[in-house]
Amino acid sequence: METPDARQYEALSVESAAVVRRESAWQRVKRNWSVRIGGAVLVVLLLVALIAPFLGTVDPTLFDAASRDLLPGQAGEITTLEGETVKHSFLMGSDSFGRDIYSRVVYGTRVSLIVGVATALLALAFGIVLGLSAGYLRWLDGILMRVMDGIMAIPAILIAISLVAMWKGSLLTVVIAIAIPEIPRVTRLVRSLVLTIREEPYVEAALSLGTPTWKIMFSHILPNTVAPLVVQGTYICAAGILTEAILSFLGVGLPPDIPTWGNVMAEGRAQFNEYPHNIFFPGIFLAATVLAVNILGDGLRDTLDPKMAKRV
Amino acid sequence: MNIARKFAVIAAVTASAAAISGLSFNSAAQDDAKVLRIVPHSNLAILDPIWTTAYMSRNHGYMIYDTPFGTDEKNQIKPQMVDTWSVSPDNRLWTFKLRPGLEFHDGKPVTGEDVVASIARWGKRDAMGSALMTFVERMDAPAPDTFRIFLREQCGFVLEALGKPSSNALFIMPKRIADTDAFKQIEEYIGSGPYIFKRDEFKPGDKAVYLKNTKYVPRKEAPSGTAGGKRVYVDRVEWNLALRDGQAQVNALQKGEVDIIEALPFDHYETVKKDPSLQIPKYSTVNLQYMARFNHLHKPFDNVKVRRAVLAAFSQEPFLRAQVGVKELYNVCPSMFTCGTPYGSPAGSDIQSKSNMKKAQELLKASGYDGTPVVVMKPTDLAAIQKLPDVAAQLLRQAGFKVDLQAMDWQTLVGRRAKKDPDDKGGWDMFLTAWQGHDIWNPIANAAMDTRGEQSGWFGWAKDDKLVELRNQFMRETDDAKKKRLADAIQTRAFEIGTHVPLGEYSQPMAARKNISGFFITNGNLYWNLKKN
Amino acid sequence: MYAFLARRLLATIPVLAIVAVLVFLMLRLTPGDPAAILAGDAANTEQIAQIRAGLGLDRPVPVQFMIWLGNMLSGDLGESFYYKMKVTALIGQRIEPTLSLAALTIAIAVLTAVPLGVLAAWRFGGWFDRALMGFAVMGFSVPVFVLAYILIWIVSLKLGWLPVQGYRRIADGFGPWLQHLILPSITLSVIYIALIARVTRASVLETLGEDYIRTARAKGLREARVLVRHALANAAVPIATIIGIGIALLIGGVVVTESVYAIPGLGRLTVDAVLARDFPTIQGVILLFSLFYVLINLLVDLSYVILDPRIRY
Amino acid sequence: MSAVLEVRDLAIALPAGSDRSHAVSRVSFTVTSGEIVCLVGESGSGKSVIAQGIMGLLPKGLPVTAGTILLEGENITHAPPERLRALRAARMSMVFQEPMTALNPVMTCGEQIEEVLREHAALGPAERRAKILAILREVSLPDPERIVAAYPHQLSGGQRQRIMIAMALVLEPALLIADEPTTALDVTTQAQILRLIADLQSRHGTGVLFITHDFGVVAEIAHRVAVLRLGELVELGTKQDVLTRPQHAYTRMLIGSVPSLRPRTRQADANAPVVLSTHGLGKTYRDRSWFGKRRDVRAADDVTLEIRRGQTLGIVGESGSGKSTVARCVVRLIDPTEGDIRLSGQDIARLGAAALRPLRRKVQIVFQDPYRSLNPRRTVEEAVIEGPLNYGVPRREALERARRLMELVRMDPAVLARYPHQFSGGQRQRICIARALAMEPELLIADEAVSALDVSVQAQVLELLEEIRERLSLAMLFITHDLRVAAQICDQVAVMSQGRVVEYGPAASVFGAPRHEYTRALFDAAPGRGFEFAAA
């Protein structure tokens, strides 16, 4: 009886492994429609933010009482800082100061994007450090997580309101105030990831290979937390943009002369019935941005970290 | 289940269904015609109108307290609780007799002793009151219906002080309450005024309720300002303290959920005017004044030349147009005192009224201004003055200043303006505010003209001995013509040294449902004489 | 079980203590002077100093903390600087509107979101699923105040169905209460419908892939029963968790909603207190919210025992 | 004997983009009543897809594209969902592999059986209850009253599978499909369940389609055997024919890969130096909580073993016997609570992390799950050279070593640049072995290292391990639950049960003449023990 060549079948089982073979994460991300749409909208917004001065805008803080409450598309005039009065077409109308809402909305893109991204980065940076520490240094875990529980127990918006109200409202304070309540959430996520990943056989293998703890943390554990963290980051970013708007709306956000969507809406709300465009245009931009970030996040989640769906 | 109960259940279900669908909208409101629902201009927090100058507390005071004198719509002092009075020939002894029938809400009669105690407490808190107290030797109550004031020397503003219409008005409280330390808040709210405070229904930040004081005996005269008869035609007044969003206020008024909006946001003036179910009653002849105040302690506004450059830059029109917007609601007024009141005059105002941006730029160049940024504080939560700082910042920038516009809520601003520290330690250089006409209409009341440096009663701490001297003369003067001349001199000096910048006058519109009648000139927010049909 | 309960209740103490310290420090180490605010417009510096002393604010921060802590342990949250009222009394006045709003919101959200989420999972990838998920992302993205204005404008002003603002106590009748609350609750519930529907969908989707669903189908059960008794019942724990988180997050939404609809609840109280630097009130409200959060978490944990027999404490 | 199930030319498509167009194609077979047909195949052969196709439970992406399925003569290939639903449980039932996950964890067992009755039979509550108790008794569950109220997690794996079987058979269907029903069970439980299925089947005359990958099980239970390979039926015949006279090369290869239960005889050098010895090794897990009762779990107790150079010690036992705990203690992934572990004479049981580091090199481990043993974010190269780099080997040298090792484990060194997800399970296991060998260890621990692999791949990996042990004179600690595997690779065998070593000795004597009762039970339970497979 001839001896079947086992090796020939090993080749076969390699092929059948191809059924479950996964494309690289990046390929999957690139093919995902949510990522494509969300990403495209964000790229457009980023461009708008970058080239804001060249989009037919004027200085968003300039106002002219003669051009109060113009409807979208109306022409009016605006006085520059040098004292010159120039003709200007108010694409999205003007507010009750006589400021150009179009310019404010376009420039507001900058602030919103900065707030969103900075908040996410700040929360992630602190969350990663704290989460890694809690996950790896068991003696620190108890006390650190209790403090995190404490922060989580305080409603996020109240922390933000209190901090912004008490410090001087500036970009930095707003970002910090929005980021602080997010830190415990990131910390918990990182910690739980660390606790899961450190039980993975490949981490145990690294341990038996004599890999030092810090190296295990940075080359085995941290890279495997990236996907969920990127996803989490997008959600924080979206939440940050919204929270900034809410803070501005409540009057404890960035100084009102800084054009942010929240500020434009907060000022416009007093005349919502008569001049809904004051809220409408920044509202559209805000919703579109948050939507894009959320969609991007969902796409990333579906491709990078499908198990995360339940965590939201 | 018996038939009756079944019926009750069906009725209840139907009723609640109807209620939800919005058909029986006001079914819950009890006796709507007898309840006046008012949205005040701000939140009522402090119930002691002597302890604070807050206008909300003053308005609350007028609801439940009475005053010895009132100021009528022509700014004349008229007796209110006082029936008759006399002055000794040397002008040093004033004797007052109370009118009969005055009674506190706890049923006790109002006596001279109550008045004396109330004056004493008020004299420790109120600016004008404490000015009066520097003249007072002693007070007493020789009879239950009489009180007397003995002066060290003659004083020109005894009645003006006792009948002062605005904060802190002299509200008369029972002696036991008036004996409270002037720096502690009172804890019982018993007055002799036209309304009784319903304390158990008071919910700070939600609502305050006042019931008609059926035992109140109004004066015979027609109501005028804080003087005249305080007749009440409703059973109950409710202040809605929760409704603070301007749009929501107007929505509620249009839907009839409230009857009066005390301070209608300018943005909604046209809407309300156009709405046939609403009215904008005239209630004031005296306008409010906007004002920019310097901090005289620190750079750059410790330099008079810099301050005068600002005076030149701040023409009033841009402020008024941006903040008020509605032409019929504002007017340029070159006086530091309220235009249309006795001391209103353009004396010395050329630096501001006849100036322009070019002049301002030149003045600033000549002043030696070194580019120190000007910290302008901007409140974000007071619609009535919110836009002024932005205008100020833009004008200052155009004049050549560096400006640091810092936004904060009004409460923070109030806290911060009390700080004498320099900018880098949390201080400030300029804030903008609004005054009711009566609070600034003469040199004594006008706190911005107190130039005793760090002893001044008001933030900004202007220092000028010459002005202090002029003001002292004014206090002692009793002759009206001389007083007028002194007032002109004081204003001229104030413009010279740039104590502050008056930014024009406006009238704060009030909005009401058409079915409310009986509005009169109050120069404030007084809620008697109103009928609801 | 009781041991667990006792342990969890004990574990809330350090959390609340940390909240207390954090809040206290946050308030005392930031600028803003309650005394100056209280003193009013015309007060001078000396008067402000006097008020400050009267409030005990001139003492060192640790001393202030110990006093406050001592009072708090005896159930006294202190007296509001601003309103001159016991903070407990103040909270007592404001708690009903907030609880009503929160309860109605959660009720609307859960009753809408869970069925929607189950249906979306069942029709995974279909038009209903896409529509619901689209709505869910939108729900996350529209600021609650914008939604509020739009709803007021349409429902109250144009259609005239509901009042535009205000709150009626439930003691004044169920009808008016509901009438005033329904619009704010719908406004606020949108984001929670989005949140809960997403999680329900994801959890049910996951359970639908489980072996026991295959078993249930192999048993020839009706689809409805498979969905409810097998898929949803097993997805209940994450749904309960997210409802718990939702209730905790609700507080933030309540602040804004109460502002727009002029509802005199705890959210408004907090904003007002923050603006007035009314330290005792802020501390009291935040502690209350934290306690609430901790208790909700505890309730959620306890609900696991009912929802999943495998969980025993 | 009528055909209960007839499958003709069945083809089920795979979604576009898969590596082949059909999950199964041209599959035909029948199951007659009273007959057990075994469907055998390796992973990916399509055997479960056929089962789902018959039940009408195929996911949307896998449609039946050709052929017919007849259940008791009725064509159900494209029957409407309502009809299929009515047939399920009533005429055809299915039992699944994983009894833990196949039962709804939040419903009591009674409810889950009752559901079937409610759905398909018009019975009153009392009748339903009587029927439930009867079927529970029939599947030999003790104390049915208690079981009815119990949740699945409160039962053992075997009991759960009995519940599944009870649920499937309560309505006496004509066809029972059993999809790997014993794979997740311990060998002794497996034997009981197999016996139960055979019993019930013969008692009720049910036709059974039994799906498995395990030829031992086939030998134990089948009447007829169908062999699947990549979706195609390569061989169909009686048990005797297929197992002893396989016709197709693939079948021959598969059967040849089944390790024999007879231990391989190899002369072990009794004087080879001892690489590792444990003495009185114990590990107690302590469940501490503030108020709860303190519970101690003794995972390993008084384990005394030794491994000599060039020899393989096998630890055999069922799940929970403590065999992995011993392995992990030896690698010091966990800290033993008592006893000592001597590595080349030095006790490492209590060494601190720093002192342990130089010694870690000497002991390397290969884990069970090839999919989780490699960091998905690092290339094969990084994985293999990580250890040497940690011990100061220059990168170039480490790379060189990695290339040599790839050849040693019979893989192309070019794959070093790739990521783990590009490899099959068997290949990954080879990479893991290379990674361990890169450390030039003295002791290699294989913790169920071949359990997750298909039998053909398993044979190759075993062969590889054997070769490496020989070539490098490695000492090897081989943890397995599979007696056949142990018989093939071990010189010494330790049988563990409940944390203790119950029998320990040379493989030949343990397998030849087991002394301990437990060992004997274990051997008795080994499926197909009495069956002589065609030799490879």
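Residue numbers start from 1 in every chain, and the chains themselves are labelled A, B, ... in the order their sequence lines are given, proteins ahead of strands. These numbers were taken from a predicted model, which means no experiment stands behind them.
- The two residues C:Pro264 and B:Ala242 have their closest heavy-atom pair at CB-CB, 4.2 Å.
- Across all their heavy atoms, B:Ala252 and C:Gln165 have their closest contact at CB-CG, 3.7 Å.
- In this structure, chain C has no heavy atom under 4.5 Å from any part of B:Leu47.
- Taking OH of C:Tyr261 as the start and CG of B:Leu243 as the end, the distance is 13.5 Å to the nearest 0.5 Å.
- Evaluation of the salt bridge (Lys or Arg N to Asp or Glu O under 4.0 Å) test over residues 99-110 of chain C, restricted to residues two or more places apart or in two chains, returns none.
- In terms of the side chain to side chain contact (heavy atoms under 4.5 Å, CB included) criterion, residue partners of B:Asp259 (sequence neighbours excluded) are, by chain and number, B:Leu36, B:Arg37, B:Arg513, B:Ile516, B:Lys532.
- Atom OG of C:Ser156 is separated from atom CD of B:Gln254 by 12.0 Å, given to the nearest 0.5 angstrom.
- Here the side chains of B:Leu241 and C:Arg268 are not in contact, with every heavy-atom distance at 4.5 Å or above.
- For the options C:Asp272, C:Ile152, C:Leu269, C:Leu90, heavy-atom pairs under 4.5 Å to chain B are most numerous at C:Asp272.
- Contact of the B:Pro204 side chain with the C:Gln93 side chain is registered, since non-hydrogen atoms from C-beta on lie closer than 4.5 Å.
- Contacts of C:Val260 with chain B are made by backbone atoms alone, with heavy-atom separations under 4.5 Å and no side-chain atom involved.
- For B:Asp245, the part lying under 4.5 angstrom from a heavy atom of chain C is the side chain only.
- A distance of 10.0 Å separates NZ in B:Lys203 from CZ in C:Arg94, rounded to the nearest 0.5 Å.
- Of the atoms belonging to C:Tyr167, not a single heavy atom falls under 4.5 Å from chain B.
- Residue B:Asn240 touches chain C through its side chain alone, counting heavy-atom pairs closer than 4.5 Å.
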